[in-house]
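Have a look at the structure below, then the notes.
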Amino acid sequence: MRIILIGFGVVGQNFAKLLLSRNDDLYALYGMKPRIVAVVDSKGSVISTSAINLQKLLNIKKTKGTVAKYENGGKKNAEDIIESVDAEVVVELGPTNLKTGEPGMSNIIAAIKDGKNVITTNKGPLALALPSLIELADYNNVTLRFSGTVGGGTPILEFAKRCLKGDRIKSFRGILNGTTNYILTKMDDGLTFNEALVDAKKNGYVEADPTLDIDGYDAAAKLVIMANWIMNMKVTMNDVNFTGIRNVSVEDIKSAIKKDNIIKLIASSDKELTVKPTEVPKNNPLCVNGTLNAVTFSSEYSGHQTIIGRGAGGMETASAVLRDLIEIREVMSRR
Ligand code: HSE
């Protein structure tokens, strides 16, 4: 399988490490021989149709700061590479932009139109245009997968889509943003919102633009992805009513505790799509601490199930990308 990698930050580098360490068993278990044939980062690119040496690429990125320093590296941009390099899969790991979706949106569209399967961890294009991207992928007979956009490595999308096959999911609700869950957990321990935010920043949890976490954008984007993929809704960010945790006060936290409740930033598909701080009984399975994510699905026949796990992290998200790659391989071999 020839792969073009767009983005070589934390997730991209962990994906390369994962391919190196799983090389033998990917072949033994799935008959897969993934080969990275082009990589683009923010400073340049490298193309090698005979496959890039990943260990060498990781060393070069670490010491020289860009993949362009690999032999024959250059400055070709992502769209040019997508259109000119032969590959079965484009892995798009660009930064999330919830206003325009760019540059991920154009890269994903170019790859699909060129007949290439796409894996992305980029929430921007999906939150803004998932229904049309799915339609475009179907029309072009390629597969679009985005497991790492929700739950990091925790297979929240697959759990709903595969494990609950045959049942009818009536609704789901849960914690989709690890950073705000960390802040609320710290506030439960007695910190103010500002103190907890400083602590979360110190630990490197908060997005470069903190608004994305704190004001609910990240959770809303994930809710949109889940609603489309799991509930077959055709929705985008504009369909979500969302509020973040900026105005949750120490008094709100104390008043909830008095009732044996905890305040969580809950994303819900019940009746309408909402993200808002909500009091949850302390003994509810959704009351997970720290940066964990948790989602409860309510199904017609099998009742309630809750899936809990780490919702972020480089290697965790890279494991979701590999999961998507294996699935694409399976789809390709059925075609
Ligand atoms: N900022 C996100 C979170 C990262 O805190 O959950 C993972 O999408």
Side-chain angles (χ1 to χ4, degrees), residues 7 9-15 91-99 101 104 119-128 130 145-159 172-187 193 196-229 237 240 242-246 248 263-268 275-277 286-295 307-321 323-324:
V10 179
V11 177
Q13 290 173 55
N14 276 294
F15 179 59
V91 176
E92 200 280 329
L93 308 172
T96 293
N97 172 341
L98 288 173
K99 290 200 177 89
I119 296 168
T120 186
T121 55
N122 188 340
K123 286 161 273 189
L126 307 190
L128 298 171
L130 189 49
R145 284 291 178 272
F146 37 84
S147 180
T149 55
V150 181
T154 308
I156 293 175
L157 296 176
E158 289 88 342
F159 178 78
F172 62 84
R173 66 198 292 256
I175 296 165
L176 301 179
N177 179 269
T179 304
T180 45
N181 201 46
Y182 180 85
I183 293 174
L184 290 172
T185 304
K186 285 286 164 190
M187 289 178 76
F193 170 77
L197 176 59
V198 169
D199 182 319
K201 279 185 180 163
K202 228 186 275 165
N203 279 289
Y205 295 143
V206 186
E207 298 266 352
D209 173 5
T211 308
L212 292 179
D213 290 317
I214 293 161
D215 295 316
Y217 289 89
D218 177 74
K222 290 166 177 165
L223 180 59
V224 166
I225 295 167
M226 291 179 73
N228 278 283
W229 190 236
M237 281 297 269
V240 186
F242 64 97
T243 318
I245 62 164
R246 200 181 281 276
V248 175
I263 296 182
K264 294 291 183 192
L265 184 65
I266 297 293
S268 166
V275 174
K276 58 177 186 230
L286 288 183
C287 282
V288 293
N289 286 334
T291 54
L292 286 175
N293 283 192
V295 181
I307 176 163
I308 296 170
R310 275 182 278 175
M315 190 48 94
E316 289 84 347
T317 309
S319 77
V321 174
R323 197 157 67 221
D324 285 346

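Predicted, not measured: the structure shown is a model, and the values here were computed from it. Counting convention: from 1, in listed order, for ligands and their atoms alike.
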Taking non-hydrogen atoms only, is Thr291 closer than 4.0 angstrom to ligand 1 via side chain, backbone, both or neither?
-> neither
Please check if the side chain of Arg310 supplies one atom and the backbone of Gly178 the other of a donor-acceptor pair under 3.5 Å.
-> no
With only distance considered, is Lys222 within less than 3.5 Å of ligand 1 through an N or O on each side?
-> yes
Considering all heavy atoms of both residues, which atom of Gly124 and which atom of Leu98 are nearest to each other, and what is their separation?
-> CA-CD2, 3.8 Å
Any N or O of Thr149 that comes nearer than 3.5 Å to an N or O of ligand 1?
-> no
Residues which pass ring-ring contact (aromatic ring centres under 6.0 Å, His included) with Phe242, listed by chain and number, not counting sequence neighbours = Tyr217
If you count the atoms of ligand 1 from 1 in the order shown, which ones are under 4.0 Å from a heavy atom of Gly178?
-> 3 (C), 5 (O), 6 (O)
Work out which heavy atom in Val224 is nearest to a heavy atom in Leu126; give both atom names and the distance.
-> CG1-O, 4.2 Å
Relative to the heavy atoms of Asn177, which atoms of ligand 1 are at a distance of less than 4.0 Å?
-> 1 (N), 2 (C), 3 (C), 5 (O), 6 (O)
By number and element, which atoms of ligand 1 are closer than 4.0 Å to a non-hydrogen atom of Glu207?
-> 1 (N), 2 (C), 4 (C)
Quick one: does Asn14's side chain have a donor or acceptor within less than 3.5 Å of a partner on Thr317's backbone?
-> no
Please test Glu158 against Ser147 for side-chain hydrogen bond (donor to acceptor under 3.5 Å, both in side chains), starting from the C-alpha separation and ending with a verdict.
-> CA-CA 7 Å; Glu158 289 88 342; Ser147 180; 2.7 Å; yes
Within-cut-off N or O pair, Gly311 and ligand 1, under 3.5 Å | no
Checking Asp213, Asn293, Thr291 against Asn177 for side-chain hydrogen bond (donor to acceptor under 3.5 Å, both in side chains), the one that qualifies is Asp213
Please identify which atoms of ligand 1 are closer than 4.0 Å to at least one heavy atom of Asp213.
-> 1 (N), 2 (C), 3 (C), 5 (O)
Backbone or side chain, does any N or O of Thr179 fall under 3.5 Å from an N or O of ligand 1?
-> yes
